[in-house]
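My structure is below; once you've seen it, I'll send some questions.
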Amino acid sequence: MTTKGLVIRTVDWRDSDRLLTVMTEDYGKITVKAPGIRRKSSRMGWAGQLFAYCQFTLYEKNGRLTLQDAQMLEQFFSLSQDLDALALGSYFCELLATEGEEDVPAPGMLRLALNSLYALAHHLYDIRQIKAAFELRFLAIAGYEPDLWKCAACGADPEEPMVNLERGQLHCAVCRGAIGRSVSAPLSRAALQAARYVLRCDLKKLFSFRLEEGDLELLGAFAEAYCLTRLERGFQTLDFYRSLGGGIKEI
């Protein structure tokens, strides 16, 4: 079979082979065995690297997809020139690789990854804006979209919005008591509108919003906290990104 896909994880196997986790539009996340790809003489060594976006020709052998041929479409080389962008791109790939089932189509996930890596590689937007937008849209595609359209208790459109991170529910100032002891995150009206936009906009326009500094900080804090809360785990690549000074204040 032939499919376009992005390499989001690599694991060295045996002496010269490598197992690739590839995000595809047609089949979702798949595992591909790449025999001999680590040899210096391999003509497809570039296809076994993180961030490689290729057209893969695969065949099934012993119940496993095996790489037969690959044509490079994009490799995002410029990410290696910016450590912050490289760290954040690696975090995006770790999210994609560790969440969700294999061989289950995830419409939009590959396009989200490619658009986000392109924006990072070419410094098109504030890196914090790219991170928050990726996290929220990734969660929405993965089935964890928060309900940010009205207060879960009274149905109002909150002027002082607060989001219950465990339930993904919006509450207003009057109804905050309904949140109980659950961890919650504050949003400004501007940050809330931006989050709503990210969840439903065309992926081509994912980063086409503007926020003041304080509003961007609130959006970023909410997106990261909601991601970690709903997925119930941490990520080593996120820890590394934070160590570079790209982290946010904990809620």
**Asked** Is the closest basic N to carboxylate O distance between Arg18 and Asp12 below 4.0 Å?
**Response** yes
**Prompt:** Measuring from Lys33:NZ to Leu58:CG, what's the distance to the nearest 0.5 Å?
**Reply:** 13.5 Å
**Item:** Straight-line distance of Leu136 CG to Tyr226 OH, nearest 0.5 Å
**Value:** 9.0 Å
**Prompt:** Going from SG on Cys227 to CD on Glu99, what distance comes out if it is rounded to the nearest 0.5 angstrom?
**Reply:** 7.5 Å
**Item:** Ring center gap for Tyr91 and Tyr241 short of 6.0 angstrom
**Value:** no
**Message:** Taking Leu139 as the starting point, is it possible to reach Phe209 by hopping between hydrophobic residues whose side chains are less than 4.5 Å apart?
**Reply:** yes
**Pair Glu135 + Lys131, salt bridge at N-O below 4.0 Å** = yes
**Fill in**
OH (Tyr197) and CG (Asp202) are apart, to the nearest 0.5 Å, by 8.0 Å
**Message:** I'd like to know if Leu238 and Ile127 are part of one continuous hydrophobic network [Ile/Leu/Val/Met/Phe/Trp/Tyr, side-chain heavy atoms within less than 4.5 Å].
**Reply:** yes
**Message:** Nearest 0.5 Å, please: how far is CZ in Arg167 from OG1 in Thr229?
**Reply:** 13.5 Å
**Request:** Say whether, by atom type as modelled, one donor and one acceptor occur between the side chain of Arg196 and the main chain of Leu148 under 3.5 angstrom.
**Result:** yes
**Request:** Before accepting this row, confirm whether a basic side-chain N of the pair Arg189/Glu160 lies closer than 4.0 Å to the acidic partner's carboxylate O.
**Result:** no
**Asked** Out of curiosity, Met162 CE to His171 NE2, how far, rounded to the nearest 0.5 Å?
**Response** 10.5 Å
**Joint cluster assignment, Leu114 & Met23, ILVMFWY side-chain distance < 4.5 Å** = yes
**Salt bridge flag under 4.0 Å for residues Arg137 and Glu145** = no
**Asked** Is there a donor in the side chain of Glu102 and an acceptor in the side chain of Thr31, or the other way round, less than 3.5 Å apart?
**Response** yes
**Asked** Is a side-chain donor or acceptor of Ser42 paired with a backbone partner of Arg38 at a separation under 3.5 angstrom?
**Response** no
**Asked** Below 4.0 angstrom, N of the basic side chain to O of the carboxylate: do Asp126 and Arg128 qualify?
**Response** yes
**Request:** Give a yes or no answer on whether the side chain of Lys29 reaches the backbone of Gly100 with a donor-acceptor pair at less than 3.5 Å.
**Result:** yes
**Prompt:** Under 4.0 Å between a Lys/Arg side-chain N and an Asp/Glu carboxylate O for Asp69 and Arg43?
**Reply:** yes
**Asked** Is the closest side-chain heavy-atom distance between Leu219 and Ser188 below 4.5 Å?
**Response** no
**Prompt:** Can you check whether Gly36's main-chain N or O pairs, donor with acceptor, with Asp17's side chain at less than 3.5 Å?
**Reply:** yes
**Message:** Tell me whether the rings of His122 and Tyr118 are parallel (<30°), tilted (30 to 60°) or perpendicular (>60°).
**Reply:** tilted
**Message:** Any side-chain to backbone donor/acceptor pair from Glu94 onto Thr237? Under 3.5 Å, distance only.
**Reply:** yes
Name each donor-acceptor pair under 3.5 Å that joins a side chain in residues 70-79 to protein atoms two or more places apart or in another chain, with its distance.
residue, atom, partner, partner atom, Å
Glu74, OE2, Phe76, N, 3.0
Gln75, NE2, Trp46, O, 3.2
Ser78, OG, Ala121, O, 3.2

**Message:** Would Arg233 and Phe235 count as a cation-pi pair here, with the cationic atom under 6.0 angstrom from the ring centre and within 45° of the axis?
**Reply:** yes
